[in-house]
Every structure is written in structure tokens, then in C-alpha cells.
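Just so you know, these numbers come straight off a predicted model, no measurement behind them.
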Amino acid sequence: MRRRAFLSIVCGAVTWPLAAAAQQSTNRKRLAIFSPAEPSADLHEHSKTKAWRALFAELRRFGQIEGQNLKVERYGREQNTSGPETLATEVVRSNPDVIYVIGPDAVIFKNLTSRIPIVVITGDPVKWGLAESLAHPGGNFTGVSVDAGPSISGKRIALLREMVPTMSKLGCLALRSHWNGPTAGPVIRAAAEAAGLPLAVSLVEFGASEADYRAAVESISRDGANAVMVVPSPETFQNSTLIAKLLGDAKLPAIFSFTESVEAGGLMAYSFDLIELNKRAANNIDAILRGAKPGDIPIYQVTKLELSINLKTAKQLGLSVPPALVASADTVIE
């Protein structure tokens with residue numbers, strides 16, 4: 001009897017952690033990350049990208065820990081072999097508990113699901129038809145709007161003109177699908193017209209190669225632009241280093257929309273803080289995983305933007321940076 005009791009205790013001790021582990025695995029929530037312009041290797045807690053590290057650190061702070069109570073499925077550039085629409089369909093078919101979507105491709109999900117909660121970082125979700133209003137989204141979308149209003153394009157043009165007083169034609173380098181959407185192309189055209197500047201627009205396709213970007217920059221230069229606005233999208237962000245180098249080689253001053261682009265060698269940026277926005281997105285993801293409805297969570301609209309200047313790049317371009325512009329900058333790279 002003693003032997004039988006002993007075996008029962010031992011077997012029970014062995015079985016309990018296995019059962020607990022199985023239960024924990026079964027209870028894991030599933031988060032799908034959709035960012036088809038970025039390598040999947042960047043969509044991790046130990047990413048080289050600070051914004052992604054911030055997202056996972058914030059999720060961990062809320063108790064949402066990958067490998068414990070959270071399973072993360074990544075849909076990045078490597079998975080995007082047949083286009084964003086096909087990839088988005090695959091994400092919805094997998095039926096995760098919440099989807100985190102980066103960029104203008106958020107609109108694809110509107111026609112794919114009205115049931116799965118979706119957290120976005122995108123342009124104006126009201127104009128895109130993703131939400132009834134920022135305060136009361138009302139559907140299955142919430143998150144962050146990086147659309148700070150039409151005046152932001154005018155501000156970027158004004159800052160670039162302060163850096164390059166002789167600017168007479170503005171080049172625009174943009175992702176075609178974004179430029180042709182309701183918020184990018186029309187707003188920038190209106191801002192350029194108000195500033196009395198003709199445009200030289202060069203568009204790249206999703207997944208553009210180095211040769212494609214080289215041709216785009218050459219086209220802008222050939223069309224007579226003497227300064228450039230790099231229109232924000234996950235695609236142009238992912239290629240910041242390449243774009244900065246190509247523009248530098250062409251001796252074209254440019255304003256970007258991400259501080260990280262200036263760190264990568266770009267001249268200047270008037271940008272929102274991707275780290276802050278990912279933290280806000282993590283807050284939304286956690287709330288939904290705990291039972292909140294996305295339609296009840298207000299969408300945060302960016303209001304704070306920061307000016308960054310790379311003085312080394314300015315010197316390479318032969319530009320004399322106005323002291324007042326340097327003094328107003330939030331970040332200056334020597």
C-alpha cells in the first residue's frame with residue numbers, strides 16, 4: 001500500500017505541471033501582427049527597432065507575455081509574397097483574438113471582417129471609413145491616427161523652405177497606394193499649391209527594389225525638384241537608410257516623417273514619436289484581450305510632433321543651417 005501511495009504521489013507530481021502547462025497553452029490569447037513592409041525578424045521583443053521593443057515591453061508590463069499567456073503570429077515582408085490583400089485574408093482566416101495593423105493597409109481589413117478586433121496605427125481612420133469618429137469608433141477598429149490634420153504638410157514644406165530658401169520645386173517620393181488614398185496626395189498637393197510650389201511626384205510600388213528607389217530619385221531630380229518630401233508610410237520608413245543615401249548622392253535636401261530616418265542619414269524630419277504610439281497601441285491590445293470592445297476605445301490622434309536635424313548631412317549637402325532652426329529642433333545629430 002505504501003508503494004502504491006508513493007507511486008500515486010510521484011505520478012501526480014509529474015502530471016500536475018504537465019497539465020498546468022497544457023492548460024496555460026490552451027488559455028493563450030493570440031495576437032496577429034500585420035506589417036507587410038517590415039521583416040518579420042523586426043516584429044519582436046528584441047527587435048533592432050526601438051518602437052517594436054517598446055510595444056512588447058509595454059505588453060509585458062500589462063502582463064501579456066509572449067510564450068506564457070500570449071501567442072504572437074507575425075505577418076511581415078517574408079510572408080507578403082502575393083500582396084497585402086492576400087496576406088490580410090490569411091490573417092483573418094486564422095481567426096486571432098486581436099490583429100495589430102501598421103499603415104494604410106488597415107483599410108483592407110474593413111471588407112474582410114467586422115468581428116475580429118483590430119488595433120491600427122494609420123492615417124485618418126474616419127476618412128478611411130474604419131471608424132464613426134475618433135471618440136466613438138463604434139466598430140471593430142481602434143488604435144492611433146497619425147493624421148495630425150492637413151496643416152502638417154504645410155508645416156513640413158515651411159520647415160524645408162527654411163532649410164532651403166531657394167526651393168522652387170518640391171519633389172515628393174511616396175508609396176503609390178498611399179499617395180492615391182484620400183489623405184496623402186490631395187493634402188500635399190493643396191499644401192504645395194498654397195506655398196506656390198510646383199510638384200515633381202515619383203511613386204513606388206509596395207515591395208520596391210533598390211533599383212526602383214534609385215529610378216524614383218533620378219526622376220525627381222530630372223524633373224527639376226531642388227528639395228524633397230518623403231511621404232510617410234511603412235514602406236518608406238523601412239527603406240529610410242537607402243532613401244537617405246540616394247537623396248544625398250543626388251544632392252537633394254529632404255524632409256522625412258520619422259526621427260529614425262534622420263538617424264539613418266536623412267537631413268531633417270518633422271515627426272511623431274513611434275515609441276509613444278506603440279505604447280498606446282499596446283494599451284489598446286491589452287484592453288481588448290481583457291474583454292474591452294474596440295468600438296468603445298477612443299482612437300488617439302497624434303498632436304505632438306518633433307523636429308530633428310542631421311547637421312552632418314546638412315554639411316555634406318553644402319547647406320548652412322539657420323541657427324533659429326537648430327534652436328527650435330528637438331533632436332540635433334552632430
Side-chain angles (χ1 to χ4, degrees), residues 25-38 40 43 52 55-56 58-59 62 64 66 69-147 175 177-178 180-184 206-207 233-235 277-278 280-301:
S25 176
T26 303
N27 291 338
R28 281 185 193 174
K29 297 290 187 176
R30 291 171 54 233
L31 166 66
I33 297 177
F34 181 88
S35 186
E38 300 181 80
S40 295
L43 316 181
W52 283 111
L55 175 88
F56 283 97
E58 196 72 352
L59 285 173
F62 289 130
Q64 307 290 355
E66 183 177 9
N69 61 343
L70 183 65
K71 182 179 181 181
V72 181
E73 297 158 356
R74 297 166 174 85
Y75 297 83
R77 184 181 288 269
E78 297 91 333
Q79 290 75 33
N80 186 33
T81 55
S82 301
E85 293 84 359
T86 302
L87 189 61
T89 302
E90 182 182 336
V91 175
V92 171
R93 191 180 295 123
S94 74
N95 195 31
D97 293 289
V98 60
I99 305 172
Y100 182 36
V101 181
I102 309 298
D105 290 321
V107 72
I108 297 172
F109 288 86
K110 179 186 175 184
N111 297 322
L112 293 176
T113 179
S114 59
R115 182 183 55 81
I116 301 175
I118 299 174
V119 176
V120 299
I121 289 185
T122 190
D124 187 335
V126 178
K127 283 185 180 179
W128 284 104
L130 304 180
E132 295 172 9
S133 69
L134 297 181
H136 304 285
N140 62 319
F141 286 83
T142 189
V144 174
S145 168
V146 296
D147 187 303
L175 179 66
S177 60
H178 189 206
N180 292 335
T183 55
F206 194 92
S233 71
E235 181 76 18
L277 302 190
N278 268 279
R280 289 184 178 273
N283 195 309
N284 292 163
I285 292 168
D286 173 67
I288 290 168
L289 291 176
R290 294 181 187 277
K293 295 179 179 179
D296 295 335
I297 302 174
I299 294 172
Y300 173 75
Q301 184 171 32

Please name all residues satisfying side chain to side chain donor-acceptor pair (under 3.5 Å) with [X], sequence neighbours left out, ordered by chain then number.
| X | value |
| --- | --- |
| W128 | none |
| N284 | none |
| D286 | Q64, R290 |
| N180 | none |

To the closest 0.5 Å, what do you measure between [atom1] ([X]) and [atom2] ([Y])?
| X | Y | atom1 | atom2 | result |
| --- | --- | --- | --- | --- |
| E58 | N283 | CD | CG | 7.0 Å |
| I121 | I102 | CD1 | CD1 | 4.5 Å |
| E73 | I99 | CD | CD1 | 10.0 Å |
| S35 | D105 | OG | CG | 9.0 Å |

Minimum-distance pair of heavy atoms, taken over all atoms of [X] and [Y]:
| X | Y | answer |
| --- | --- | --- |
| E132 | V126 | O-CG1, 4.1 Å |
| A106 | V120 | CB-CG1, 3.7 Å |
| I299 | S145 | CG2-N, 3.8 Å |
| L175 | S233 | CB-OG, 3.8 Å |

Listed by chain and number, what are the side-chain contact (heavy atoms from CB on, under 4.5 Å) partners of [X], not counting sequence neighbours?
| X | result |
| --- | --- |
| D97 | K29, R30, L289 |
| E85 | I108 |
| N80 | P36, P84, L87, F206 |

Has the side chain of [X] got a donor or acceptor atom that lies under 3.5 Å from a matching backbone atom of [Y]?
| X | Y | value |
| --- | --- | --- |
| E235 | G207 | yes |
| T122 | G103 | yes |
| R77 | A37 | yes |

Worksheet item: For E66, what residues pass the salt bridge (Lys or Arg N to Asp or Glu O under 4.0 Å) criterion, not counting sequence neighbours?
Response: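 Result, salt bridge (Lys or Arg N to Asp or Glu O under 4.0 Å) vs E66: R74.
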Discussion item. Tell me every residue that passes salt bridge (Lys or Arg N to Asp or Glu O under 4.0 Å) with D124, counting only those two or more places apart in sequence or in another chain.
Written reply: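 Checked D124 against salt bridge (Lys or Arg N to Asp or Glu O under 4.0 Å); zero matches.
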Find out whether [X] and [Y] are in side-chain contact, i.e. whether some heavy atom of one side chain is under 4.5 Å from a heavy atom of the other.
| X | Y | value |
| --- | --- | --- |
| Y75 | L43 | no |
| L134 | P125 | yes |
| T89 | L112 | yes |

Practice prompt. Would you kindly say whether N278 and Y100 are connected by a side-chain donor-acceptor distance under 3.5 Å?
Written response: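 Yes, because at least one side-chain N or O of N278 sits under 3.5 Å from a partner of the opposite role on Y100.
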Got a list of side-chain donor-acceptor pairs under 3.5 Å for residues 136-144, not counting sequence neighbours?
residue : atom : partner : partner atom : Å
N140    : ND2  : T113    : O            : 3.1
N140    : ND2  : I116    : O            : 2.9
T142    : OG1  : I297    : O            : 2.7

Item to complete: Dump the intermediate steps for side chain to side chain contact (heavy atoms under 4.5 Å, CB included) on I118 and V98, then the final yes or no.
Response: CA-CA 6 Å; I118 299 174; V98 60; over 6 Å; no
Worksheet item: ring pair (Phe, Tyr, Trp, His ring centres under 6.0 Å) with F109: which residues, sequence neighbours excluded?
Response: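 So F109 forms a ring pair (Phe, Tyr, Trp, His ring centres under 6.0 Å) with F34.
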